**Q** 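Please read through the structure below; I'll follow up with questions.
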Amino acid sequence: MRRWLVPVATALATALLVAYLASLRTVKVERGSLLMETAVRVVAYGPQGRAGAAVEAALAELARLEGLWHPQKPESDVARVNAAAGAAPVAVAPETIEVVTAALEIAAATDGAFDPTIGPLVQAWGFGGESRLPSAAERAAAATLVDWRQVQVNPEAQTLFLARPGMVLDLGAIAKGDAAARAREVLRRQGITAGLVQVGGSVATLGRRPDGEPWSIAIQHPRREQDYLTILSLDEGFVDTAGDYQRYFEHEGVRYHHILDPRTGMPARGLASVTVLTNRGDQADALATAAFVLGPEAGYRFLEQRGVSAILVTTGGEVSMTPDLAGRVQVDVGPWP
Ligand code: AMP
Ligand code: MG
């Protein structure tokens with residue numbers, strides 16, 4: 001009598017099984033956004049539901065870190081530390097203590113060529129708003145307030161203190177890479193085994209692509225906007241590029257860009273871009289900027305000593321690479337500039 005029941009039940013079970021198996025299939029979920037004043041991109045491979053949730057969680061992490069480190073958000077750790085410069089230590093998040101500690105380590109290692117208290121100079125040049133050429137007097141006045149030795153980190157009390165009034169903490173050279181590394185760990189904690197987080201010129205990769213191929217990361221050509229310098233293949237790691245083309249203005253035929261040399265108060269000269277490859281996420285971003293400030297020779301030696309793979313391009317279009325890359329990476333600058 002109920003003979004129809006068996007085929008219907010079978011069809012239903014088959015449909016459910018197919019739907020279930022489809023939900024387990026590995027897909028690529030990718031989302032972009034604008035955070036930390038740059039384009040961000042998060043990719044995760046996995047079952048649709050899990051990959052989607054992981055991408056959302058990674059983007060939420062980036063937004064949270066922006067809330068801690070954005071100098072223009074009055075409630076951010078950085079804004080509160082700056083407002084209390086010369087007055088009082090300020091309680092901050094553990095992530096802020098960690099990123100500032102990492103920045104100070106690079107500052108010490110570069111004898112202050114990299115300096116996270118570069119803020120007054122960045123403001124004098126107007127990078128982040130209306131850029132302009134400051135007078136020598138303005139540059140000199142700002143430079144007296146740039147001194148990483150006057151940052152007091154208290155890990156027990158979890159406080160930061162800028163010892164002199166007018167000092168300005170600026171994490172612009174390290175925040176994006178550190179955030180990318182932290183967002184990558186969010187993907188990992190969500191059970192993702194293959195993914196990628198990009199925050200501007202900072203890329204953090206997780207695992208290997210499901211097809212077994214390494215990640216391909218295109219490196220921007222410093223003088224041709226629509227072109228890349230090379231494509232790097234890597235498994236899990238970090239790639240970071242600092243360049244004079246990211247934020248700049250031209251005045252009487254001279255390019256003035258946003259990476260400043262604290263020793264001169266002027267944009268660092270000699271390099272057009274520095275790309276580093278490393279497996280330490282708290283360093284890639286800062287190291288690229290640090291080497292950029294140090295210049296072609298000192299910058300190269302600095303990266304080589306730290307065991308970091310690197311590609312440096314000078315403003316004259318000459319390319320140098322650490323020996324480990326020299327054999328396997330093709331770089332073509334083409335007609336220059
Ligand atoms: P990046 O794009 O990572 O090379 O970082 C550039 C940003 O870092 C600038 O926009 C400034 O906010 C900041 N910055 C500029 N010069 C320096 C420097 N010498 N040391 C540390 N941070 C810097
Ligand atoms: Mg950097």
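Just so it is clear, the model here is predicted, and its values are computed rather than measured. Note that ligands are numbered from 1 as they come in the structure, with each ligand's atoms numbered from 1 the same way. Keep in mind that the numbers below use all heavy atoms, side chains included, and drop hydrogens, waters and symmetry copies. For the single chain, residues carry numbers from 1 onward in sequence order.
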**Q** What is the closest protein heavy atom to atom 4 (O) of ligand 1, and at what distance does it sit?
**A**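 Here the nearest protein heavy atom works out to Thr289 OG1, 2.7 Å.
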**Q** List the closest protein heavy-atom neighbour of atom 5 (O) of ligand 1: residue, atom name, distance to the nearest 0.1 Å.
**A**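 Of the protein heavy atoms, Ala173 CA, 3.2 Å lies nearest.
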**Q** Side chain, backbone, both or neither: which part of Pro262 comes within less than 4.0 Å of ligand 1 when only heavy atoms are counted?
**A**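 Near ligand 1, Pro262 shows its side chain, while the N, CA, C and O stay back.
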**Q** For Trp336 versus Thr314, what's the shortest heavy-atom pair and its separation?
**A**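 In terms of heavy atoms, the two residues are closest at CZ2-O, 3.5 Å.
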**Q** Let me check your reading of the structure: within less than 2.8 Å of the Mg ion (ligand 2), is there an N/O/S atom from Thr289?
**A**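 An N, O or S atom of Thr289 is closer than 2.8 Å to the Mg ion (ligand 2), so yes.
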**Q** Ignoring hydrogens and geometry beyond distance, is a side-chain donor-acceptor pair present between Thr101 and Glu98 at under 3.5 Å?
**A**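 Not at all, the side chains of Thr101 and Glu98 share no donor-acceptor pair under 3.5 Å.
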**Q** Between Val78 and Pro71, is there a side-chain heavy-atom distance shorter than 4.5 Å?
**A**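 When only atoms from C-beta onward are counted, Val78 and Pro71 do touch, with a gap below 4.5 Å.
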**Q** Could you tell me how the ring of Trp215 sits relative to the ring of Tyr45: parallel (under 30°), tilted (30 to 60°) or perpendicular (over 60°)?
**A**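 Ring orientation, 0 to 90° scale: tilted.
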**Q** Kindly report the O-the Mg ion (ligand 2)-O angle for Asp285 and Ala173 respectively, rounded to 10°.
**A**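 Value, to the nearest 10 degrees: 80°.
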**Q** Between Arg41 and Glu30, is there a side-chain N and carboxylate O pair less than 4.0 Å apart?
**A**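 Judged by the 4.0 Å cut-off on N to carboxylate O distance, Arg41 and Glu30 do form a salt bridge.
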**Q** Would you find a donor on one side and an acceptor on the other, under 3.5 Å apart, between the side chain of Thr205 and the backbone of Asp235?
**A**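 A pair under 3.5 Å: yes.
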**Q** Test of understanding: given a 4.0 Å heavy-atom threshold, classify the contact between Val293 and ligand 1 as side chain, backbone, both, or neither.
**A**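 Contact part for Val293 vs ligand 1: side chain (C-beta onward).
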**Q** Would Arg64 and Glu95 pass as an ion pair if we require N to O under 4.0 Å?
**A**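 The answer is yes: the pair qualifies as a salt bridge.
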**Q** What is the nearest protein non-hydrogen atom to atom 14 (N) of ligand 1, stated with its residue, atom name and distance?
**A**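 Protein heavy atom with the smallest distance to atom 14 (N) of ligand 1: Ile118 CG2, 3.7 Å.
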**Q** Give the contacting part of Arg247 toward ligand 1: side chain, backbone, both or neither, where contact means a heavy-atom distance below 4.0 Å.
**A**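 Neither; no heavy atom under 4.0 Å.
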**Q** Can you name the atoms of ligand 1, numbered from 1 with element, that are less than 4.0 Å from a heavy atom of Ile259?
**A**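 Per the distance check, 4 (O), 15 (C), 16 (N).
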**Q** May I ask you to identify the nearest protein heavy atom to atom 16 (N) of ligand 1, giving residue, atom name and distance to one decimal place in Å?
**A**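 Minimum-distance protein heavy atom for atom 16 (N) of ligand 1 reads Leu260 N, 3.0 Å.
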**Q** For Ala242, take its heavy atoms, then give the atoms of ligand 1 lying under 4.0 Å from any of them.
**A**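 Atoms satisfying the 4.0 Å criterion: 4 (O).
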**Q** Is there a continuous path of hydrophobic side-chain contacts, each under 4.5 Å between heavy atoms, that joins Leu325 to Leu312?
**A**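 No, because Leu325 and Leu312 fall into different hydrophobic clusters, even though each may have its own neighbours under 4.5 Å.
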**Q** Please report whether ligand 1 has a polar contact with Ala113, defined as an N or O pair separated by less than 3.5 Å (distance criterion only).
**A**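 Min N/O separation from ligand 1 is below 3.5 Å for Ala113.
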**Q** So, Arg263 and Asp115, do they make that salt bridge, N to O below 4.0 Å?
**A**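 Judged by the 4.0 Å cut-off on N to carboxylate O distance, Arg263 and Asp115 do not form a salt bridge.
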**Q** I'd like the name of whichever of Arg263, His257, His258 reaches closest to atom 2 (O) of ligand 1 through any heavy atom.
**A**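 Considering heavy atoms of Arg263, His257, His258, the nearest to atom 2 (O) of ligand 1 sits in His258.
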**Q** Touching ligand 1 at all, Phe127? Heavy atoms, strictly under 4.0 Å?
**A**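 The answer is no: ligand 1 sits nowhere under 4.0 Å from a heavy atom of Phe127.
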**Q** Check ligand 1 against Gln246 and write out every atom of the ligand that is under 4.0 Å from a heavy-atom position of the residue.
**A**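 Selected atoms, number and element: 2 (O).
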**Q** Verify the ring-centre separation between His257 and Trp125: is it less than 6.0 angstrom?
**A**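 Not close enough - the centres of the two rings lie 6.0 Å or further apart.
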**Q** Give a yes/no on ligand 1: does Ser202 have at least one heavy atom closer than 4.0 angstrom to it?
**A**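 No, Ser202 has no heavy atom closer than 4.0 Å to ligand 1.
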**Q** Identify the two heavy atoms, one from Ala91 and one from Arg80, that lie closest to each other, and give their separation to 0.1 Å.
**A**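 Shortest heavy-atom separation between Ala91 and Arg80 comes out as O-NH2, 3.0 Å.
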**Q** Just to confirm my output: which protein heavy-atom neighbour is closest to atom 11 (C) of ligand 1, and how far is it?
**A**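 For this ligand atom, the closest protein heavy atom is Asp170 OD2, 3.7 Å.
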**Q** Using heavy-atom distances, let me know which of Ile106, Thr38, Asp115 sits nearest atom 20 (N) of ligand 1.
**A**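 Among Ile106, Thr38, Asp115, the closest heavy atom to atom 20 (N) of ligand 1 comes from Asp115.
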**Q** Under a 4.0 Å N-O cut-off, is there an ion pair linking Glu37 with Arg247?
**A**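 Here Glu37 pairs with Arg247 in a salt bridge, since their nearest N and O are under 4.0 Å apart.
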**Q** Between Asp285 and ligand 1, is there a nitrogen or oxygen pair with a distance under 3.5 Å?
**A**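 By distance alone, the answer is yes.
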